[in-house]
Structures are given as structure tokens and as C-alpha cells.
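What follows is a single structure, written as C-alpha cells, with notes after it.
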Amino acid sequence: MCKKTRGVIYFLFLVVWAWRVDAPLAQTEMFRCVMPNGSVVFSDRAISEQCRKMEELPPLLRAPEVPPPSPGAVAPEEKTPPSSEPVQVPTPGRGRRIDPPSDAAILIRDVKAVPNFNSLLGIAMFQATMQLENGDSDWTAEQVCIDVRFRDVTLIFLDVRQVGCLDGLKPLDTRSFTVTYTGLIPPRLFPIMAEATVAFVKWVK
């Protein structure tokens, strides 16, 4: 057999093989079948009594290609949702320079209590003298209020409270201060004592 004849036979073999492979694909049919439960199923054959052959099928579409990110591209930053926590405000005594000192920076020294009785006016005046010191080196105590408790030494006849305020106590400054309580003369004269504590401080810098 010559070389030309072998080439013709080989070509006819390829044509027959391609026809046998493509024939099933060309003859593939699609049915739209309604199942007894109402659902719709697509099949290549009739699988229920309510099947309809689909004559024209929509053409297949190529999925869009997503280009890969370039090596130098930077991913967008994710925005952090705003925090729902309340904004922290300076708290006295935390130790930071932006925070005012605690009220313990006000020192009370040399507290003395003196009673004054005026029989003619029928009043009694109780005084507590003391030394107030601002122990902080940066902050000024714009206003300092001192709570004084006056009591008699026997703790029987007198137990009153009086608040007095001092303004402008500068850093590391010490000043004398007096708190006075005025009332009626008690039925019996007696010595008194006083206990002083810091009630309020307004700090400024």
C-alpha cells in the first residue's frame, strides 16, 4: 500500500472517530419535569408524567476573570468601628501629670479648739484654728473646704459640725485658717475639742 493511500485511510478514520464522539453530545436533550411534590427538576430524560422537552437552551456564559492582585498592591485598611466605651476623664490622685492630686495633698496641722462665751448676748462661739499646707508642687488649691466637728471633752453636752473654706492655697504653701461655729450658750460651760477633715478641694494648674 502506497504512502498516499495510507494517508487517506488515516484521515477517514479520524473523521469517523470524531463523529462517534460528538454524536451523543449533539443528541443530548434536556427535560423540565414537575415532580409530584411541586418541585421542578431538570433532567436528560423524562422522569415524571409532567415533563416538557426544552427546545432552546440559553447559551453558556464564561465567568468573568478576576485579575490577581499585583505584588505591590496594598490591601485596603479595615476601618475600626468607633468604641462604645466612655471617654476617660482625669481622676484625682492617679499620678499622671495631667491629673490633679488627691485631696490627701492638703495637710492639716496644729488643730486647736477655743470656746468663747458671751453671757451678755447669750451666745457661744467655738473656734478651731489650724495650719493648712498644700503638699503638691504643681497644682494650686483654688478652694479648700474643711469640715470641723466640735465636741466637749466629756462627749455629753456638745456635738456640732461646721464647714469653712479657704481660697488660693498655692503649691507648697502653708497658711493659718480658722473655722467658727456660733450657737446658744449651753447650760454648763466646758472645754471643747475639734476634729478637722478635708471636705472638698478644687485644683487648678
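For the numbers below, each heavy atom of this structure counts, side chains included, while hydrogens, waters and symmetry mates do not.
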**Asked** Roughly how far, to the nearest 0.5 Å, is CG of Asp147 from CZ of Phe200?
**Response** 14.0 Å

**Asked** Looking only at atom types and distance, does a side-chain atom of Asp152 sit under 3.5 Å from a main-chain N or O of Leu158, one as donor and one as acceptor?
**Response** yes

**Message:** Any heavy-atom pair between the side chains of Asp138 and Lys205 that's under 4.5 Å?
**Reply:** yes

**Asked** So do the side chains of Arg149 and Thr197 get within less than 4.5 Å of each other, counting heavy atoms only?
**Response** no

**Complete:** Across all chains, not counting sequence neighbours, the ring pair (Phe, Tyr, Trp, His ring centres under 6.0 Å) partners of Phe190 are Phe157

**From Leu169 atom CG to Glu142 atom CD, the distance as rounded to the nearest 0.5 Å** = 12.0 Å

**Asked** Between atom CH2 of Trp203 and atom CG of Asp103, what is the distance when rounded to the nearest 0.5 Å?
**Response** 7.0 Å

**Message:** If I take atom CD1 from residue Ile106 and atom SG from residue Cys145, how far apart are they, to the nearest 0.5 angstrom?
**Reply:** 11.0 Å

**Item:** Any side-chain heavy-atom pair of Thr140 and Pro171 under 4.5 Å
**Value:** yes

**Asked** Should Met193 and Phe126 be regarded as members of a common hydrophobic cluster, given that ILVMFWY residues are connected when their side-chain heavy atoms come within less than 4.5 Å of each other, either directly or indirectly?
**Response** no

**Prompt:** Are Ile156 and Ile192 grouped together when hydrophobic residues (ILVMFWY) are joined by side-chain heavy atoms under 4.5 angstrom apart?
**Reply:** yes

**Asked** What residues join Val204 in its hydrophobic cluster, counting side-chain heavy atom gaps under 4.5 Å, either direct or through other members?
**Response** none

**Prompt:** Rounded to the nearest 0.5 Å, what separation is found between the CH2 atom of Trp139 and the CG atom of Asp99?
**Reply:** 7.5 Å

**Separation between CG of Asn116 and CD of Gln127, rounded to the nearest 0.5 Å** = 5.5 Å

**Prompt:** Does the side chain to side chain contact (heavy atoms under 4.5 Å, CB included) test come out yes or no for Ile146 and Leu166, once each step is laid out?
**Reply:** CA-CA 8 Å; Ile146 304 299; Leu166 174 71; over 6 Å; no

**Request:** State whether the number of non-hydrogen atoms from other residues, nucleotides or ligands found under 6.0 Å of Leu184 atom CG is greater than 12.
**Result:** no

**Prompt:** So do the side chains of Met125 and Asn118 get within less than 4.5 Å of each other, counting heavy atoms only?
**Reply:** no

**ILVMFWY cluster, Val160 and Leu189 together (side-chain gap under 4.5 Å)** = yes

**Request:** Work out which heavy atom in Ile47 is nearest to a heavy atom in Cys51; give both atom names and the distance.
**Result:** N-SG, 3.5 Å

**Message:** Quick test of your reading: applying side chain to side chain donor-acceptor pair (under 3.5 Å), list the pairs with at least one residue in residues 164-187, sequence neighbours left out, ordered by first then second residue.
**Reply:** Gln131-Ser176

**Complete:** Of all heavy-atom pairs linking Leu172 and Gly135, the shortest is CD2-O, 3.7 Å

**Item:** Note, Val198 side chain near Ile108 side chain (heavy atom, < 4.5 Å)
**Value:** yes

